[in-house]
Amino acid sequence: MNDWLSEWGERPARKVRTYWWPPSLLLRQLGSALYMSALVRWRQLPYWAVNYGVKCIPGAAGSRGQGCIGFPAHPVWEMTAACNLRCIHCHTSGGQRSPDELTTQEAKRLFDQLAEVSEFRMMAYTGGEPLMRGDLMELLAYSQALGFTNTIATNATLIDDAVARDLRRYGVAIGAVSLDGFDAATHDYVRNQPGAFDAALRGIEALRRAGIPLHINITAMEYNLDQLESLMGLLDELGTAILIMYQLVPVGRGHAIEQAALDLGANERLIRFMAQAQRVSQAIMEPVAGPQYWPFLLQQNGIRGGPLLRLAETVFHGCSAGRGFVYIKPNGEVWPCPFIEVPCGNVRETPFKTIWADAPIFQDLRDREHRLQGRCGECEYRKLCGGCRGRTLAVTGNLLAEDPSCFIHANQEQTSEARKTPEVAQAPEIG
């Protein structure tokens with residue numbers, strides 16, 4: 001405490017509930033893992049539970065189960081647009097620092113406001129590259145003092161042992177590192193920087209030595225789709241606790257490579273691959289921009305209604321945009337998610353809690369029962385899926401339209417025909 005005071009001034013009072021209260025949150029997290037495990041027949045669940053599960057609980061703080069971007073009920077702050085890489089798919093178009101980014105004091109006021117939302121227990125930092133911001137450790141410490149569990153999304157190229165120890169010291173419970181290829185050639189191409197792959201692996205090893213559980217982000221696109229099987233083996237070698245499988249959404253710099261985004265058939269191929277890979281993976285896997293994963297698992301197990309569907313609706317959340325998950329830009333703009341480029345207000349002008357409660361777009365996203373359109377609005381799985389709202393907006397211009405990459409409701413003839421094609425039906429064999 002004295003170190004904190006001498007470095008940064010007065011310590012804030014704790015405002016955030018601890019991650020394990022009420023205990024029903026832990027039961028829901030356990031329930032989601034067990035239910036998913038039963039649906040895919042996950043052989044490695046005991047290994048994961050012993051080696052990673054308990055360590056991951058603080059990082060899932062406030063979670064009501066599994067959903068898009070990992071765990072519903074947490075804010076993500078894109079703390080800076082500055083980045084040492086220029087990734088070709090970056091949704092933030094990261095590179096140069098934005099001139100209007102929140103100052104250190106404004107960021108602390110934001111954290112104070114976020115702490116007033118009772119379901120928020122975990123604070124996620126992203127960019128750009130968070131380590132490009134000079135006050136990162138001070139802000140981590142302030143967030144930690146408020147009671148938040150901290151997580152950080154990073155390209156890991158700037159992490160050495162000293163940095164990793166500081167991250168652990170200031171409450172980072174999970175280090176989320178992006179890997180977009182099994183080999184240096186693919187990863188470095190996507191990251192637009194020679195040596196990025198090797199530097200990321202060094203950063204990962206530093207995080208592991210510091211005792212920070214590893215969470216890997218992969219963005220699936222046409223450039224790396226054929227490498228996913230090999231990448232699964234690498235993730236187990238690295239000791240990955242959590243794997244988040246993103247799909248490329250054509251926003252930010254991703255606009256320029258829209259042709260690499262997965263179409264309906266490739267989306268199905270990826271989700272089939274995930275379900276098969278989860279059976280033997282040592283990491284727990286969750287989709288981003290692929291909420292059809294949950295109804296697919298239920299359909300594969302013949303669950304189309306009744307108490308098992310209602311249980312799934314309780315612990316699986318599909319698209320979490322505006323439904324527990326929220327994204328805050330460097331300048332204080334509040335978005336439903338990083339792929340829904342729609343400002344709902346700015347914390348410099350309006351308290352976060354007011355934006356969170358009253359913004360019309362959040363009301364639309366929270367009412368899946370009545371406001372979704374097309375096949376998504378009629379879908380029996382809309383409560384636990386909802387379609388990817390970010391992809392829908394990017395492709396159709398209508399946030400509430402049916403997800404154009406959803407294969408769940410293709411008619412029987414189309415589905416049968418699609419499964420005859422090698423690209424869709426023949427997911428790579430695992431194990």
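D135 and T104 are linked by a side-chain donor-acceptor pair at a separation below 3.5 angstrom, with hydrogens and angles left out of the test. The closest side-chain donor-acceptor pair between N84 and Q193, if any, does not fall under 3.5 angstrom. A side-chain donor-acceptor contact under 3.5 Å links S143 and N150. Between the side chains of E333 and N346, no donor-acceptor pair is found at a separation under 3.5 Å.
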Take M79 and L139, measure what side-chain contact (heavy atoms from CB on, under 4.5 Å) needs, and give me the verdict at the end.
-> CA-CA 10 Å; M79 64 187 311; L139 293 175; 3.9 Å; yes

CA sep, side-chain torsions, deciding dist, call: V326, V76, side-chain contact (heavy atoms from CB on, under 4.5 Å) | CA-CA 6 Å; V326 66; V76 174; over 6 Å; no

Checking side chain to side chain donor-acceptor pair (under 3.5 Å) for the pair T154/E129: CA distance, chi angles, key distance, verdict?
-> CA-CA 6 Å; T154 173; E129 171 50 55; 3.0 Å; yes

Candidate pair T186 and Q227, rule side chain to side chain donor-acceptor pair (under 3.5 Å), full reasoning = CA-CA 9 Å; T186 305; Q227 293 193 351; 2.7 Å; yes

Apply side-chain contact (heavy atoms from CB on, under 4.5 Å) to M221 and H89, showing your working.
-> CA-CA 9 Å; M221 55 190 119; H89 63 319; 3.8 Å; yes

Passes side-chain contact (heavy atoms from CB on, under 4.5 Å), S405 versus R391? Steps please.
-> CA-CA 8 Å; S405 295; R391 180 170 54 209; 3.5 Å; yes

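Side-chain atoms of R191 never come within 3.5 Å of backbone atoms of A196 as a donor-acceptor pair (strictly under, hydrogens ignored). Panel note: side chain R14, backbone V16; a donor-acceptor pair is recorded below 3.5 Å. With hydrogens and angles ignored, the 3.5 Å screen pairs no side-chain donor or acceptor of R28 with any backbone N or O of G65. With N398 contributing its side chain and T392 its backbone, the two residues share no donor-acceptor pair below 3.5 Å. The main-chain N or O of A162 is found under 3.5 Å from a side-chain atom of D160 such that the two form a donor-acceptor pair. In terms of modelled atom types and a separation under 3.5 Å, the side chain of N267 and the main chain of L262 share no donor-acceptor contact. Judged by distance alone, the side chain of E369 and the main-chain N or O of R382 form no donor-acceptor pair under 3.5 Å. The backbone N or O of A401 lies less than 3.5 Å from a partner atom in the side chain of R389, making a donor-acceptor pair.
In this structure the side chain of L179 reaches within 4.5 angstrom of the side chain of F197, judged on heavy atoms. Taking 4.5 Å as the limit, some side-chain heavy atom of R121 sits within range of a side-chain heavy atom of R17. A heavy-atom distance below 4.5 Å is found between the side chains of L384 and L298. Looking at heavy atoms from C-beta onward, L248 lies out of side-chain contact with E258 at the 4.5 angstrom threshold. The shortest side-chain heavy-atom distance between I216 and I204 falls under the 4.5 Å cut-off. Looking only at side-chain heavy atoms (C-beta outward), V288 and Q247 stay at 4.5 Å or farther from each other. For the pair I328/F352, a side-chain contact is recorded, criterion being any heavy-atom separation below 4.5 Å from C-beta on. Residues R165 and V163 form no side-chain contact, since every pair of their non-hydrogen atoms from C-beta on lies 4.5 Å or further apart.
To the nearest 0.5 angstrom, I408 atom CD1 is 7.5 Å from F296 atom CZ. Separating the CG atom in L297 from the CD atom in Q292 is a distance of 11.5 Å, to the nearest 0.5 Å. Residue L309 holds its CG atom at 9.5 Å from OG1 of T314, rounded to the nearest 0.5 Å. Residue D180 holds its CG atom at 6.5 Å from NE2 of H187, rounded to the nearest 0.5 Å. The distance from atom CD1 of I284 to atom CE of M36, rounded to the nearest 0.5 Å, is 4.0 Å. Rounded to the nearest 0.5 Å, atoms OG1 (T396) and CD (E402) are 9.0 Å apart.
At a threshold of 4.0 Å, the pair K108-E138 counts as salt-bridged, since one of the basic side-chain nitrogens sits closer than that to a carboxylate oxygen. Salt-bridge annotation for K353 and E116: absent, with no side-chain N of the basic residue lying under 4.0 Å from a carboxylate O of the acidic one. Here E205 pairs with R208 in a salt bridge; the nearest charged N to carboxylate O distance falls below 4.0 Å.
The side-chain tip of R366 points at the ring of W356 from less than 6.0 angstrom away and within 45° of straight on.
Ring geometry, F111 versus Y142: the interplanar angle falls from 30° to 60°, so the pair is classed tilted. In this pair, W48 and W42 present their aromatic rings tilted. The plane angle is within the 30 to 60° band. Using cut-offs of 30° and 60° for the angle between ring planes, the Y246 and F339 rings count as perpendicular.
No close placement of the F120 and F148 rings is indicated, their centers lying 6.0 Å or farther apart.
Counting all heavy atoms, side chain and backbone alike, S37 lies closest to L45 at OG-CD2, 3.4 Å. Minimum heavy-atom separation, I212 to G175: CG2-N, 3.3 Å. Annotation for E341 and G252: closest pair OE2-N, 3.7 Å, computed over non-hydrogen atoms. Nearest approach of P291 to C388, heavy atoms of both residues: CG-N, 3.5 Å. For S63 against L25, the heavy-atom pair with the smallest separation is O-CD2, 3.5 Å. In plain terms, the two heavy atoms of A260 and Y223 that are nearest each other are CB-CE1, 3.7 Å.
For residues 77-105, the pairs satisfying salt bridge (Lys or Arg N to Asp or Glu O under 4.0 Å) are E78-K329, R97-E101, with sequence neighbours left out.
The number of heavy-atom neighbours closer than 6.0 Å to CD of Q96, taken from other residues, nucleotides and ligands shown, is 12 or below.
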